[in-house]
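We name chains A, B, ... by the order of the sequence lines, and we start the count at 1 in each one. Both backbone and side-chain heavy atoms feed into the values below; hydrogens, waters and symmetry mates do not. As the structure is a prediction and not an experimental result, all values here were calculated from the model.
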Amino acid sequence: MSSRLDQGGLIDRQQSFDFTFDGKSYRGHAGDTLASALLANDVRLVGRSFKYHRPRGILSAGSEEPNALVELRTGARREPNTRATVVELYDGLEATSQNRWPSLQFDVSAINGLLSPLFVAGFYYKTFMWPASFWEKVYEPLIRKAAGLGRAALDADPDHYEKSWTHCDVLVVGAGPAGLAAALSAARTGARVVLADEDFRFGGRALAENRTIDGRPASDWAAQAVAELRSMPEVQLLPRTTVFGAYDDGVYGAVERVNDHLPVPPQFEPRQRVWRIVARQCVLASGSIERPLVFGNNDLPGVMLAGAVRTYINRFAVTPGRQAVVFTDNDDGWTTASDLRAAGARVAAVVDSREPVVVADVARRFPGVEGVAGEVMGARGGRKVEAVEVMTRSGTQRRFDCDLVAMSGGWSPTLHLTSHRGHKPRWDEERAIFVPDRLPPGMTVAGAANGEMTLGEAILAGFRQGLAAATACGFSGAMPTLPRVSEESTRRVPLWKVSRGLGKCFVDFQNDVTASDIQLAEREGFRSVEHAKRYTTLGMATDQGKTSNVTGIALLAEQRSTTIAATGTTTFRPPYTPIAMGAMAGHHRGMDFRPTRYTPSHQWGTELGGKFKESGPWLRAEWFGRPGETDWFAPTCRETLAVRNAVGLCDVSTLGKIDVQGPDALAFIERLYANNFATLAVGRVRYGIMLREDGFMFDDGTAARLAENRYLITTTTAHAVQVYQHMHLCHQTLWPQLDVQFTSVTDQWAQFAVAGPRSRELLQRVLDPACDISNAAFPFMACGDVRLRNGEPARLFRISFSGELAYEIAVPGHRGDALIRNLHAAGQDLDAVPYGLEALNVLRVEKGHVVGSELNGQTTAYDLGFGKMISTKKDFVGAVMARRAHLLDPSRERLVGIKTVDRNARLAGGMHFVPQHAKASIENAQGHVTSVCYSPTLGQWIGIGLLTNGPERHGETVRVVDPLRGAETLVEVCSPVFIDPEGARLRG
Amino acid sequence: MRIPCPHCGLRIHDEFTYYGDASVRRPDATAPNAEAAFFDYVYIRENTFGRHQELWFHQGGCHEWLVVERDTRNHEITGARPAREVFAAAGDAQ
């Protein structure tokens, strides 16, 4: 049987869509939502409630829906907790009910309803308190299984999401009558307008009400307004777009569901797009949300908001019931009776709680309909409503059979966006609504969102605010002519809760919070609205209490015998409706999380079997595997020994390079580095350490004096950006008078380490023979300009991180690939091999050089053995604080080397030092191992670490323990320089 | 939040890196009480409720440090000047 009307509505009957719900096939039309299509197919039961697993149907026709949450799609595209009321129907849509087992019709956990005394407000804190050991093992898993929403997909999301910016003069949020009017009056001045609405069709309540504007259906007026706006080049229309947040300085966040209405997004198109909209002015025309009435079993399928009933009839051509009872505390609810009758449904009664109410008016307006002055005490029925029990004002109890209850507790302005920056709304006692009070700069509110509830008021306000917003941006125009609309009344006497409810009276449907829960919370002392909210969980579900908050506040105020104004509201925070994490991430996921930087030799390294890994933002080779080498160990040892015995090539372009020039260049770097640079000659390089102003180590690197007033300084790969920023801070705020300029040239130069006893011989083969790089002409720590054999310019630095005779050669970035191939080819008979980060690490641990593991932000120059380098003759960043006595205490954890006592034992980074015969405990910890490696040169595992009184303990045996992985061994403390402590090799 | 960079114009805050209070001045390292003065300079900050002078670096733009005046209560930004001008003027005043 179908509840679809033969005519009317804004659906396309020519276009039919097949869809399934819980595996059963149904048919709907283009223009349907999943909810309207389900109702058209007489599906009333669509979900089970969160706590009691009560049967639930469709309450609303919009994004406020608390009940009709379904899982959409399958597999990797499965999406939980979608609201059926806003899911646009498409052909092949698959939806599944959630939070039920074994089936929606028969749910075992519905027994929770019988146990409901256990699930009262604050039950988390009461029922499951003891025994304490039961919480993790028994209670929590049970609650998590029983209470719940849908299941997220387990596979990676196959779709794309993107982020975009747009700028406008006037942003209009909401495309109902007020929003359309605002957009029209603003756009006609020539202002740039963005109009966004969460619905797939613009018009808002104009699509849902049986009203006329200028004698034509309201939906026609809306369509004409949209057509005019679409024709204007400065207007951007964003349907299916929820403006979810109002942020500082006129920035609004919005999510556009670009392709959610298709089974799979078309190729190269995103599923969703997050907009950041920068608006000089904003007209908020977000409308209002109807409040349910609080009576017994008001959650039964078939109990629906009156406005939603009208939406389903007028917009979707569906009658949600055949025999209805209307229950209202306001005039607006009455219009539901006439729409129901026009759609062919029977209206058994209009129950109005107000006093006085002219019951006779009902019979006059709706012949054959009984008017009742009184209240619905409760609905009756199993999985759907079958009747209501009514108490008349005169005290008689009546029963009306029905399959639909249309309830209206009045409409609450949707003012969330006015409050996102901390402004609270104001309670309007006369109209019994919260209305916007102070507004964020640049925002105005029009229509129902501002309490202007009638169609005429909304259009007038829209025209006014739209024009005012455009005027504020410097445009001018005339006030449009107001269209004719019929009179309407929204008179209301609020009924927050019926005086006698039969059964559970729900306030928050999604979190199963009843009126008695709120009363209990108040009795137990949770009197502040923020406390009561958290204790009862009122308004804390995914719907954020859109249909329940105001009623909850009213009930709390009633219980406290105070006013709603004095009770206040909870805090509104973005987002207005839930947003997919994927949409927030956009393209920034996986390897696209941030840009990947490739070194100049990347292609060459790939050809040689390089295994790459992320190192900061860069991809760098860990090692270069040869056939037969199955893991990291063999190539690492081979590459390390090649550097020690022959020559190795390594791309070091990732180190930060900063070119510093100017008459005060020396004065500047003297203040940046802790050690002395005044004595550095042109053509020489010096190792330097930088401190933070608090006296701790910041970074290390080299400074090469290229000319009298020109230095090239290097930073670690990890700190390149911070050092550059720090230099600017120092120059611009501490010493702006220094005449110095500098810029980062990291990307401009490709730089390669050529390291090993044969490195000079190799370089002589690629350099112009006129360049003398003999030890006498180009000694350790020399630098200078050189030429390649083909005449291309290059820079050469005789610096060594490996401890061997070594150089670094730099060429303009785009010549890097050619140079590394040239070097490799020229060194074939010298056994030149590429080496990666793993070998680089072994080489530097063998020499006791520090990197990020040691420069961890908690170590000082003194700790790392650089104490003697610190200048006492000059001021520099960190000079004063580094002198603090406790930073020079010998008992600090300081750098040492370690080697295993058992030559076959292994070490791991992060192991803790404890004295040899002491218990491995926190109290006995004396520091930790920072870096380890297997040294192929020494044939055993070695490491460096930070040990209490370390340098004074060379020769002592201590334990290193790894409680996490259950490992421990004995090590001998030694100098951190394991190889060539005299430095003969690098000077050779 | 947008910052009116004096060189690049009104730009979104994503382009900037925050540093902190712009009102502190590096003490004289040769003064007798230098260590105490530096301790305050490095560690002690007012938690301003209201208008706050603070340093931002325009990392995604001109690479200039700016002294931005921001109201910590509502993120209203009432000005941004090149730090080098602000600090040079302060140096002259001393």
So for [X], is it side chain, backbone, both, or neither that comes closer than 4.5 Å to the heavy atoms of chain B?
{"X": "A:L729", "result": "both"}
{"X": "A:R884", "result": "both"}
{"X": "A:D875", "result": "side chain"}

>> Any side-chain to backbone donor/acceptor pair from A:H423 onto A:T418? Under 3.5 Å, distance only.
In response: no
What part of [X] lies closer than 4.5 angstrom to a heavy atom of chain A: side chain, backbone, both or neither?
{"X": "B:L55", "value": "side chain"}
{"X": "B:Q59", "value": "side chain"}
{"X": "B:T30", "value": "neither"}
{"X": "B:F39", "value": "both"}
{"X": "B:H13", "value": "neither"}
{"X": "B:F38", "value": "both"}

> In terms of heavy-atom pairs under 4.5 Å with chain B, which of A:R276, A:Q725, A:H728 leads?
Replying inline: A:Q725
> Is it true that the NZ or CZ of B:R73 lies under 6.0 Å from the centre of B:F49's six-membered ring and within 45 degrees of the ring axis?
Replying inline: yes
Pairing of [X] and [Y] as salt bridge, 4.0 angstrom limit:
{"X": "B:E54", "Y": "B:R70", "value": "yes"}
{"X": "A:D169", "Y": "A:R192", "value": "no"}
{"X": "A:E693", "Y": "B:R26", "value": "yes"}

> Is any residue of residues 735-747 of chain A within less than 4.5 Å of chain B by heavy atoms, and which ones?
Replying inline: A:W735, A:P736
> Where do A:M690 and A:F876 land on the side-chain contact (heavy atoms from CB on, under 4.5 Å) test, with the steps shown first?
Replying inline: CA-CA 9 Å; A:M690 286 188 196; A:F876 56 88; over 6 Å; no
>> On a heavy-atom basis, which atom in B:R45 and which in B:D21 lie closest, and how many Å separate them?
In response: CD-CB, 3.6 Å
